[in-house]
Amino acid sequence: MLDPKLFRNDLEQTAQHLARRGFKLDTKAIVDLEAQRKDIQVQTQSLQNERNTKSKFIGQAKAQGQDIEPLKAEVGQLAEKLKAAEERLSTLQHQIDQIVMGVPNILHESVPDGKDENDNVEIRKWGEPTQFDFEPKDHVDLGEKLDQMDFEAAAKIVGSRFVVLCGPLARLHRALIQFMLDLHTQQHGYTETYVPYIVNADSLRGTGQLPKFEEDLFKLNDERGFYLIPTAEVPISNIVRDVIISEDYMPRKFVAHTPCFRSEAGSYGKDTRGLIRQHQFEKVELVQVVKAEDSHNALEELTGHAESVLQKLKLPYRVVALCAGDVGFSSTKTYDIEVWLPGQQKYREISSCSNFEDFQARRMLARWRNPATNKPELVHTVNGSGLAVGRTLVAVMENCQSKDGTIKVPEALINYMGGIEVIK
RNA sequence: GGAGAGGUGGCAGAGUGGUCGAAUGCGGCGGUCUUGAAAACCGUUGAGGAGUGAUCCUCCCAGGGUUCGAAUCCCUGCCUCUCCGCCA
């Protein structure tokens, strides 16, 4: 959520900023609603003031034994007007909120212009696309040939976009998780965190998935309005919702491994093959809660932490800065890390690292107390995948395959595999 | 699942339907004292919002209700704690 003051004092400039990402702010509607709001709010408050004052007076009059009936009647009439005013105000405020909650974040000035993913800018590249002296297979062929990856069984058990892994491949999947968690906790200073996989609507509003993107979520058939998490970002970030933390709590760095659940509504026909796009996948997520002045450094740092996973696995990748049209709703700036997939002869997203500045914090009311002013200030939140586990598994399989269809376990994972060096 | 007790400011903890946005303690901040610190003492200290401003409004878990007036009474929901039962 943007600072509401921007809509009152800097509306045109805000609209221009938002236009960069192709978002059209309905300034006319806002000006109109704001004018009404101001008018009615002032009215309402003055009526409330009158009621309070007179009611207090009744108390005093009663204490002195005066006749208070006429006064009661007078204030009683006031109450009707007040109720009407309060209702109008709340309706208006609701309409304004509806608009404001649907407005994306303002982009950082360093974000490149552009319309869609084709305009993203490569920032750096690590390694070169893996060369083979044979025709490399994709992970589906490899996995099925090994008899350790079964999409049919999964389709029978639930439906499409799920997978069953068996044997060493399932273990490799687990090994990746352990490896990533150890790396981030031991070398990058993150606190290992275990969080709920089910969240309420308030949490999803806090991080920005709601109200706009409900269709991407799995909602439980439960009158409490629970959802499966689409990413650990939601439960982790909401740890600081509605609290005022102390200065020495920051920078706070959380890492958690969780499953993620996404409905993938609207992506029919996209990545239908393999486990690139699943309804359920594992992810190791990095979240940092920092002071405003630190967030852009934190984004660079966090992106580096995600990259180091790929470096240690010796998987070639590149980092791209998302262009204005491609940056997500809540983010001011996003780097995608894309790993090389020989099966597709393409770089594919394996991590997305974003700085939300105070956008999520304002929705979450996540604040810290600044000793300099002794006042609460909004924190900044930064997060990124470190990494998407399923896609990392794909990358390992495809980049480390041999001609005979076996897979060489990356050195960094051999200990986690109990010494297994080749998956066959 | 059954029985009970609660949810109040950064924390702990009072609160009779009418100067209660809320006693008190701790913590924080400022000061006195001290070579310095501690102790002691004095002062100060919730959040959000409207308005150019004086000032005003809202918030005592959330949502409804009663009332001229609700932290206080009533209803619903959520959460926490204690006991019993069941359970990975």
Side-chain angles (χ1 to χ4, degrees), chain A residues 1-11 30-97 99-101 194-206 210 220 222-227 235 238-250 252 289 358 360-379:
Chain A
M1 192 169 119
L2 297 176
D3 188 342
K5 290 197 174 73
L6 289 176
F7 296 110
R8 291 179 203 147
N9 308 330
D10 274 318
L11 188 59
I30 293 175
V31 169
D32 190 45
L33 285 168
E34 266 299 320
Q36 288 185 57
R37 189 226 88 230
K38 187 165 164 178
D39 184 44
I40 296 195
Q41 181 159 355
V42 169
Q43 253 183 61
T44 306
Q45 292 189 356
S46 102
L47 283 170
Q48 285 172 329
N49 183 15
E50 199 177 338
R51 177 205 57 197
N52 291 348
T53 320
K54 289 193 171 160
S55 288
K56 264 181 198 162
F57 187 67
I58 291 178
Q60 290 167 14
K62 195 179 168 190
Q64 292 168 16
Q66 299 175 11
D67 179 18
I68 56 173
E69 286 311 315
L71 284 167
K72 277 169 79 166
E74 188 188 333
V75 187
Q77 285 184 358
L78 198 75
E80 281 175 37
K81 271 167 76 181
L82 177 59
K83 200 176 171 196
E86 279 175 338
E87 271 166 16
R88 277 173 70 198
L89 181 62
S90 127
T91 308
L92 271 171
Q93 197 57 60
H94 231 83
Q95 288 172 345
I96 293 171
D97 287 350
I99 293 175
V100 168
M101 287 295 273
Y194 174 79
V195 292
Y197 302 160
I198 295 175
V199 290
N200 58 33
D202 283 340
S203 293
L204 288 158
R205 265 191 291 274
L210 287 181
L220 299 189
D222 179 299
E223 64 284 355
R224 288 174 292 191
F226 288 162
Y227 297 81
N238 276 279
I239 289 171
V240 294
R241 170 154 58 90
D242 286 326
V243 292
I244 300 175
I245 60 181
S246 69
E247 184 181 27
D248 53 18
Y249 188 86
M250 294 180 294
R252 185 69 177 207
V289 177
D358 63 14
Q360 294 182 327
R362 184 170 290 107
R363 290 171 165 240
M364 293 194 292
L365 265 188
R367 296 171 293 177
W368 67 290
R369 193 172 295 278
N370 187 343
T373 59
N374 214 21
K375 289 285 171 196
E377 294 178 15
L378 293 169
V379 300

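Atoms considered below: every heavy atom in the structure, side chains included; atoms not considered: hydrogens, waters and symmetry mates. In what follows, chains are A, B, ... by sequence order, proteins preceding strands, each numbered from 1.
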Compare side-chain N and O positions of [X] against OP1 and OP2 of [N] and report whether any pair is under 4.0 Å apart.
X        : N     : result
A:Lys375 : B:U45 : no
A:Arg37  : B:G49 : no
A:Arg369 : B:A47 : yes

Just how far, in rounded Å, is [atom2] of [N] from [atom1] of [X]?
X        : N     : atom1 : atom2 : result
A:Lys83  : B:G69 : NZ    : C1'   : 16 Å
A:Asp202 : B:G77 : CG    : C1'   : 14 Å
A:Asp248 : B:G10 : CG    : P     : 17 Å
A:Glu377 : B:A47 : CD    : C1'   : 15 Å
A:Ile244 : B:G48 : CD1   : C1'   : 11 Å
A:Glu34  : B:G49 : CD    : P     : 13 Å
A:Leu82  : B:U67 : CG    : C1'   : 14 Å
A:Asp242 : B:G48 : CG    : C1'   : 12 Å

Query raised in the report: Going by distance alone, is a donor N or O of one side chain under 3.5 Å from an acceptor N or O of the other, for A:Asn49 and A:Ser46?
Result: no

Query - Test item: side-chain donor near acceptor, A:Glu86 and A:Gln48, under 3.5 Å - result: yes

Query raised in the report: So what does A:Pro4 touch, heavy atoms closer than 4.0 Å: a base, only the sugar-phosphate, or nothing?
Result: nothing

Report task. Select base, sugar-phosphate, or nothing to describe what A:Arg362 touches, counting heavy atoms under 4.0 Å on all strands. Result -> nothing

When the [atom1] atoms of [N] and [M] are considered, how many whole Å apart are they?
N     : M     : atom1 : result
B:C26 : B:G9  : C1'   : 13 Å
B:U45 : B:C83 : C1'   : 41 Å
B:C81 : B:C74 : P     : 25 Å
B:G63 : B:G13 : P     : 25 Å
B:U8  : B:C60 : C1'   : 4 Å
B:G7  : B:C57 : C1'   : 26 Å
B:G2  : B:C87 : C1'   : 16 Å
B:U72 : B:G15 : C1'   : 8 Å

[N] - base-pair partner by Watson-Crick or wobble geometry, distances under 3.5 Å:
N     : answer
B:U76 : B:A62
B:U44 : B:G28
B:A37 : none
B:G4  : B:C81
B:A23 : none

Query raised in the report: With distance as the sole test, does A:Asp358 use its side chain to make a donor-acceptor pair with the main-chain N or O of A:Leu378 at under 3.5 Å?
Result: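 Such a contact is absent between A:Asp358 side chain and A:Leu378 backbone.
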
Query raised in the report: Can you tell me if A:Arg252 uses its side chain to pair, donor with acceptor, with the backbone of A:Val289 under 3.5 Å?
Result: no

Query raised in the report: Going by heavy atoms closer than 4.0 Å, what residues in residues 39-60 of chain A are next to RNA chain B?
Result: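 Nucleic-acid contacts, sorted: A:Gln41, A:Val42, A:Gln45, A:Gln48, A:Asn49, A:Arg51, A:Asn52, A:Ser55, A:Ile58, A:Gly59.
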
What are the two closest non-hydrogen atoms of [X] and [Y], and how far apart are they?
X        : Y        : value
A:Arg363 : A:Leu210 : NH1-O, 3.1 Å
A:Asp202 : A:Arg241 : CB-NH1, 3.6 Å
A:Asp3   : A:Arg362 : N-NH1, 3.2 Å

**Report entry** Within-4.5 Å side-chain heavy-atom neighbours: A:Leu92 and A:Gln95
**Finding:**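 When only atoms from C-beta onward are counted, A:Gln95 and A:Leu92 do touch, with a gap below 4.5 Å.
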
Query raised in the report: What is the distance from atom CE of A:Met101 to atom CE of A:Met1, rounded to the nearest 0.5 Å?
Result: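 It comes to 6.5 Å.
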
Query raised in the report: Of A:Leu365 and A:Lys38, whose closest RNA chain B nucleotide lies nearer the 5' terminus?
Result: A:Leu365

Query - Closest to the A:Lys72 side chain, choosing from B:G51, B:G18, B:C68 - result: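 Looking only at side-chain atoms, A:Lys72 lies closest to B:C68.
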
